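Let me begin by presenting the structure, written as structure tokens, before commenting on it.
Order of listing sets the numbers, starting from 1, for every ligand and every atom in it. Treat the numbers as computed from the prediction; the structure is a model and nothing was measured.
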Amino acid sequence: MASKFRLLLENAEQIVVVCTKEEQYLLEDGMQHLAVLEKSSLVIGNDGCIKAVGPAETIRNHFSNASFENIIDCSGKCILPGFVDAHTHPVWAGDRVHEFAMKLAGATYMDIHQAGGGINYTVEHTTAASEEELFCSFKHRLERMLRAGTTLVECKSGYGLKLETELKMLRVIERAHRELDIAVSSTYCGAHSVPKGKSAQEAADDIINNHLPALKQMSLNGEIHVDNIDVFCEKGVFDLESTGRILQAGKAIGLNLNFHGDELNPMNSAEMGAELGAHAVSHLEEVSDKGIAALAKAKCSAVLLPTTAYILRLKQPRARDMLKAGVIVSLGSDFNPNAYCFSMPMVMHLACVNMKMSLKEALAAATINAAYALGRAHTHGSLEVGKQGDVIVINASRWEHVIYQFGGHQELIECVVIKGKIVYKNEKILHL
Ligand SMILES: N=CN[C@@H](CCC(=O)O)C(=O)O
Ligand SMILES: [Zn+2]
């Protein structure tokens with residue numbers, strides 16, 4: 001073959017391809033049988049897609065006359081798909097380090113929220129920040145996610161609440177989508193908190209009558225592109241009825257439903273998400289047995305967020321019960337001013353230790369299943385021919401090190417590749 005390709009990754013000890021039959025998600029049994037190739041190579045073409053993956057010897061023979069823009073020797077190393085982070089709130093100004101101390105001293109998430117802190121504090125600071133300031137801090141956060149191996153990330157608005165600031169946030173996300181390599185799934189989350197002076201019903205009316213028509217118009221004009229709609233369905237925030245109305249109106253303008261449910265109180269969010277055809281419901285610490293069964297039946301993914309349960313000392317999401325019931329379990333970092341974690345390797349580690357997932361389950365939940373939750377499983381989440389060439393190379397001879405090593409992944413991850421382009425290379429310390 002005399003053609004030219006973008007990248008050859010050769011002689012890896014292991015390549016975790018995840019699945020091999022174009023599966024759009026994996027259930028418990030499939031997750032146990034995650035596809036891992038030994039002593040293998042992978043080729044990415046000029047269109048950024050995977051052209052071949054298989055035994056090093058076979059690839060060498062098949063591509064003996066081909067040329068490559070870049071070749072990475074992966075001897076002694078492992079290749080994995082780029083991680084998919086299915087839930088983040090990364091556009092904001094004003095950190096909440098002071099609230100961390102309050103929580104450690106015993107204040108609950110809702111104590112702080114009801115006293116005007118939490119999301120409301122971040123809304124004030126985000127409203128005051130310029131679009132440029134928001135973009136700069138967001139870009140820096142995306143770079144940190146990328147260095148931790150994330151190549152596709154869901155990004156929510158939701159610290160504006162008022163239309164003008166929500167649109168500012170969505171424009172910032174749009175700019176990242178256009179200018180940066182990391183892939184972004186954009187979520188409108190105007191129903192993240194009920195604005196001061198309004199009831200949940202009034203806020204829902206405003207969203208339905210004013211926000212969503214504006215989003216629709218801006219999408220038609222090509223100014224922004226929004227994939228999903230989210231609501232914080234919680235006692236004291238948006239009740240089930242208001243949540244349902246907002247989600248249905250979002251669905252009517254073509255958005256995927258992907259919302260916060262059953263986090264601090266049982267709300268029957270999972271049951272409603274299943275009924276409305278949601279792609280995903282996040283959190284689910286307080287989900288009911290019926291809710292679990294409904295998610296499984298509707299093929300609605302449960303996006304579990306181990307950092308939230310850890311930081312807020314909540315009960316752990318019932319990952320094992322969900323897996324056993326046939327739910328499509330995925331993972332997200334929930335990066336936000338409350339849960340300041342960029343790292344999917346740490347998220348997977350917490351999912352294994354605290355939620356009792358196996359290493360293979362955690363990896364599948366942070367790749368193919370998270371891609372499914374975002375409606376991107378046809379392009380992301382596994383290393384199959386035809387999919388986008390998004391990979392990470394780790395400096396270890398077994399892939400499990402990426403979860404086993406808690407923290408320090410900036411040392412372990414040697415490079416991150418998006419569409420066959422090397423977008424991050426770990427610089428070695430030359431002198432001590
Ligand atoms: N629970 C609601 N939303 C976020 C927290 C956002 C915040 O506290 O700023 C979450 O997913 O954890
Ligand atoms: Zn969230």
Side-chain angles (χ1 to χ4, degrees), residues 85-100 102-103 107-127 129 134 137-138 141 153-161 165-166 169 173 185-195 200 228-239 243 246 257-267 269 273 278 280-287 301-317 330-342 347 350 370 373-374:
D85 187 341
H87 183 133
T88 79
H89 305 251
V91 184
W92 46 265
D95 68 54
R96 307 212 303 259
V97 65
H98 58 290
E99 289 181 3
F100 184 51
M102 288 160 72
K103 282 175 283 204
T108 67
Y109 183 80
M110 270 303 168
D111 290 340
I112 295 173
H113 184 80
Q114 273 150 8
I119 295 173
N120 300 315
Y121 177 91
T122 310
V123 167
E124 269 172 45
H125 289 260
T126 306
T127 304
L134 288 177
S137 54
F138 175 45
R141 289 167 195 154
V153 56
E154 186 263 5
C155 299
K156 300 177 196 294
S157 68
Y159 294 118
L161 310 184
T165 312
E166 284 297 314
M169 297 181 74
I173 297 171
S185 175
S186 167
T187 302
Y188 162 74
C189 186
H192 198 197
S193 179
V194 178
N228 321 292
I229 182 164
D230 192 350
V231 178
F232 187 10
C233 180
E234 182 56 63
K235 199 168 150 194
V237 193
F238 286 91
D239 54 43
T243 303
I246 296 169
L257 313 187
N258 187 326
F259 68 106
H260 292 68
D262 298 324
E263 177 185 357
L264 305 170
N265 294 280
M267 300 287 292
S269 311
V281 181
S282 288
H283 282 293
L284 298 164
E285 287 82 354
E286 298 287 345
V287 70
S301 180
V303 180
L304 305 185
L305 307 170
T307 61
T308 324
Y310 167 73
I311 287 160
L312 297 178
R313 296 174 173 148
L314 304 177
K315 76 179 184 207
Q316 294 293 328
S330 44
L331 289 171
S333 69
D334 197 16
F335 172 78
N336 74 70
N338 173 59
Y340 205 106
C341 175
F342 296 108
V347 166
L350 288 173
L374 302 180

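- No side-chain donor-acceptor contact under 3.5 Å links T307 and D334.
- A perpendicular orientation is assigned to the rings of Y109 and F232, their planes being inclined by more than 60° (bins at 30° and 60°).
- Contact annotation: the side chain of P90 approaches that of F335 to within less than 4.5 Å [non-hydrogen atoms, C-beta and beyond].
- Using a 4.0 Å heavy-atom criterion, the residues that approach ligand 1 are H87, H89, R96, Y109, I119, Y159, H192, F232, H260, E263, H283, T308, D334, N336, P337, N338.
- Around the Zn ion (ligand 2), protein atoms of type N, O or S found under 2.8 Å number 3.
- Listed by chain and number, the residues in a side-chain contact (heavy atoms from CB on, under 4.5 Å) with A107 are M102, D111, I112 (sequence neighbours excluded).
- Taking the six-membered ring for Trp and thresholds of 30 and 60 degrees, H283 and H87 have ring planes more than 60 degrees apart, a perpendicular arrangement.
- Between the side chain of E166 and the main chain of G158, a donor-acceptor pair closer than 3.5 Å is present.
- Across all non-hydrogen atoms, the minimal contact from V303 to A86 is CG1-CB, 3.9 Å.
- Residues forming a side-chain contact (heavy atoms from CB on, under 4.5 Å) with A200 (at least two apart in sequence, or on another chain): V194, F238, D239, S242.
- Counting non-hydrogen atoms of other residues, nucleotides and ligands closer than 6.0 Å to OH of Y340 gives a total above 12.
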